[in-house]
Amino acid sequence: MVASSAIPICHGTMESAQFSNFARQVVVGRWFSLFASFLVMTSAGAFYLYSYFPEHIKETLQCDQTTLNKISFYKDIGSNIDVVSALLVYIAPSWILLLICSALNFIGYFKIWQAVVGQIAHPTVEYFGVYIAIAGNSQILANTVVLVICVRNFPERRGVILGLLKGFLGLGAAVLTQVYLAIYGHDTKSLILFIAWCPSLITLFFAFSIREVKIVKHPHEFRVFIQILCITLVLALFLTVLTIAEQMVQFDQLAYTFVVVAIIGLLILPLFIAIREEMVQLNLNNMIKFEKSQSKPQRPIHAISHNQNHGNSHYSNIFNKPERGDDYTILQGFFSIDMLLICLTISIGFGSSLTAMDNLGQIGESQGYSTESVNAMVSVISIFNFVGRIFSGFVSEILLEKYKFPRPLMLTLTLLVSCIGFLLVAFPFHNSLYIASILIGFSFGSQVLLDITMISEIFGLEHYAMFYNIAQLSCPIGTYVLKVLVAGKLYDEAVKTWSDPTEYICHGEQCYRSSFTFLTGISLLGAAISLILVKRTREFYREDIYKKFREDMDSLKEEVELYPHDVRQPEVESIHVHQEGTIIKK
């Protein structure tokens with residue numbers, strides 16, 4: 001009796017152990033790490049909700065537009081200057097950086113919320129500047145950690161992976177807007193409190209899941225990314241329809257609750273893809289172990305390393321640069337003409353787009369749009385920010401692979417698209433601000449993705465975190481000049497000319513005409529600069545720029561084909577093991 005009853009108990013214990021092992025494999029796998037990265041980037045999209053609440057800061061300080069734009073400039077400094085985290089990436093585990101990110105986000109926005117609700121007596125411009133910079137710094141920190149880890153986990157599809165990650169970041173504002181409306185309604189002061197605790201909680205929860213994982217050969221990665229893309233496009237379409245519906249129908253709290261449930265359902269769908277990928281790999285790993293047990297022992301497998309040359313390599317051969325695509329040292333990249341051109345396009349492109357996005361509330365107010373319409377435009381910018389990142393990621397990858405179409409040329413085209421958006425703000429007609437929001441959001445998203453992808457392709461992955469942050473340094477320069485010295489000053493002049501100066505508010509189409517005409521001209525200059533980069537990198541983009549990474553993975557002692565032809569049936573009929581350990585599906 002004892003022996004017979006022990007059999008099902010043992011069988012159940014084995015099944016439990018197998019399930020436990022599989023669950024652990026999912027959690028520590030690179031696909032779950034990617035899923036966690038999507039959610040962290042979505043939460044980091046809170047950064048783009050700033051345009052909802054500058055009026056509360058303006059009311060608290062009783063300040064003019066130039067002063068308000070200075071505070072916005074502090075936000076841009078915090079969100080773009082983070083060399084410390086770029087250095088910490090080399091020495092500190094990712095979870096520590098993400099915990100810091102969570103803390104910075106909460107502290108920054110919580111202190112701003114305390115000031116606008118009157119819990120802080122007589123807050124100053126410097127008070128708001130410091131804490132908005134702290135909050136903004138959490139965004140660039142999350143970006144640095146997530147992007148560096150994911151491009152190392154998926155080096156062959158950098159354009160695609162960065163497009164998806166930056167796409168979720170761009171879509172984050174629209175997602176978080178719906179969650180905030182479900183919890184707090186239309187109380188924009190409470191929005192500040194919401195973006196203090198919600199993104200911080202999400203980052204805290206997934207801090208230990210985002211890590212660098214050993215690369216395994218995957219011949220159908222692109223197919224998986226297409227599946228994830230389809231999910232994100234459905235989410236973007238749902239948010240677009242929802243934004244239109246909110247202009248036609250008054251939603252109550254219960255309706256927003258159902259909306260949030262649907263959004264969360266779409267956001268967790270990539271988790272099931274991650275589980276499927278790990279299940280396929282687990283089955284193949286079991287087959288591999290069986291075949292290896294019947295063959296001679298193999299040498300250990302090592303993952304591709306991207307951090308092999310430190311110390312003196314940072315300072316050697318500063319002006320003796322390697323070929324584009326190889327790993328540059330930090331100083332080689334810093335003194336590169338290509339980096340200078342990229343920084344100039346970022347300064348102009350990001351600076352002009354962020355000037356438009358951060359002033360959207362005041363633009364809508366000056367042109368007679370309702371608060372609800374302005375809120376809808378913020379969601380529209382967020383959605384098309386996402387579309388631009390996804391489009392430029394996938395489309396530029398396909399065009400590059402099939403037609404050798406250089407990414408810098410696509411950057412030129414996106415800068416020209418932004419010019420059309422700026423002209424629609426300068427010379428508006430009925431509901432033209434909606435069209436401008438679409439074009440500006442799309443252009444900005446495309447620029448972000450193209451710039452960070454070009455940096456990884458031209459300068460290599462070894463010091464990608466540092467190069468990414470070096471390029472980001474140029475953004476605050478552009479935003480300060482264009483947002484504070486140009487848009488802010490010209491708006492205040494328009495207030496003096498066309499409105500009551502004591503109200504600090506301008507009404508009429510002429511309020512932003514001069515500043516956005518200037519933004520159009522400067523963006524045309526940025527497009528011209530990008531053409532110089534096109535000419536310099538033309539031969540580079542005609543080559544197979546990812547050949548190096550395919551060769552590196554082919555040199556691994558073990559190659560696994562994770563999929564048979566039909567992804568819905570992951571069983572493999574037979575496996576043949578070569579003498580050197582190469583596994584080929586028959």
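For R24, the salt bridge (Lys or Arg N to Asp or Glu O under 4.0 Å) criterion is met by no residue, not counting sequence neighbours. In this structure, the salt bridge (Lys or Arg N to Asp or Glu O under 4.0 Å) partners of D76, at least two apart in sequence or on a different chain, are K483. With sequence neighbours left out, Q472 forms a side-chain hydrogen bond (donor to acceptor under 3.5 Å, both in side chains) with N80.
You'll find the side chain of F251 reaches within 4.5 Å of the side chain of V259, heavy atoms only. Y468 is listed as a side-chain neighbour of I140, based on a closest heavy-atom distance under 4.5 Å. With contacts defined as side-chain heavy-atom distances shorter than 4.5 Å, the pair V146/C150 qualifies. Annotation: side chain of E246 is in contact with side chain of Y256 (closest heavy-atom distance under 4.5 Å). Residues F442 and F391 have side chains in contact (heavy-atom distance under 4.5 Å, counting atoms from C-beta outward). Side-chain contact between T453 and S396 is absent, with no heavy-atom pair separated by less than 4.5 Å. Using a 4.5 Å heavy-atom cutoff, the side chains of I231 and P270 are in contact. Here the side chains of W95 and R211 are not in contact, with every heavy-atom distance at 4.5 Å or above.
Rounding to the nearest 0.5 angstrom, the gap separating the OG atom in S352 from the CD1 atom in I440 is 8.5 Å. Here the OH atom belonging to Y464 is positioned 9.0 Å from the OG1 atom belonging to T144, to the nearest 0.5 angstrom. The CG atom of L482 sits 8.5 Å away from the CG atom of L485 when rounded to the nearest 0.5 Å. Within the model, atoms CG of L97 and OG1 of T203 stand 12.0 Å from one another, a figure rounded to the nearest 0.5 Å. To the nearest 0.5 Å, atom CD1 of residue I383 and atom OG1 of residue T177 are 9.0 Å apart. Interatomic distance, L191 CG to L181 CG, rounded to the nearest 0.5 Å: 8.5 Å.
Note: Y50 and F53 meet the aromatic proximity criterion, with ring centroids under 6.0 Å apart. Centroid-to-centroid, the aromatic rings of F154 and F225 come within less than 6.0 Å. In this structure, Y74 has its ring center at least 6.0 angstrom away from the ring center of Y131. Aromatic ring centres of F35 and F32 lie closer together than 6.0 Å. Outside the 6.0 Å centre-distance limit, the rings of F168 and F386 are not counted as a close aromatic pair.
For the pairing with P54, the side-chain contact (heavy atoms from CB on, under 4.5 Å) check across I71, I132, L68, L360 returns one residue only, L68.
Between F222 and F394, the two ring planes are tilted [angle within 30° to 60°]. The aromatic rings of Y512 and Y491 sit tilted relative to each other, their planes meeting at an angle between 30° and 60°.
More than 12 heavy atoms of other residues, nucleotides or ligands lie within 6.0 Å of CZ in F238, so this atom counts as buried by the packing criterion.
A salt bridge links D358 with K75: the closest approach of a Lys/Arg side-chain nitrogen to an acidic carboxylate oxygen falls below 4.0 angstrom.
Side-chain contact annotation: Q362 with Q367, donor-acceptor N/O pair under 3.5 Å absent. Between R276 and Q227, the side chains place a donor N or O and an acceptor N or O closer than 3.5 Å (distance only, hydrogens not considered). Judged by distance alone, the side chains of S370 and S373 do bring a donor and an acceptor atom under 3.5 Å apart.
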ask   = Do S72 and N69 pass the side chain to side chain donor-acceptor pair (under 3.5 Å) test, and can you show the C-alpha distance, the side-chain angles, and the key distance before you say yes or no?
value = CA-CA 5 Å; S72 180; N69 282 352; 5.4 Å; no
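Counting only distance, with no hydrogens or angles, the side chain of N385 and the backbone of I381 share no donor-acceptor pair below 3.5 Å.
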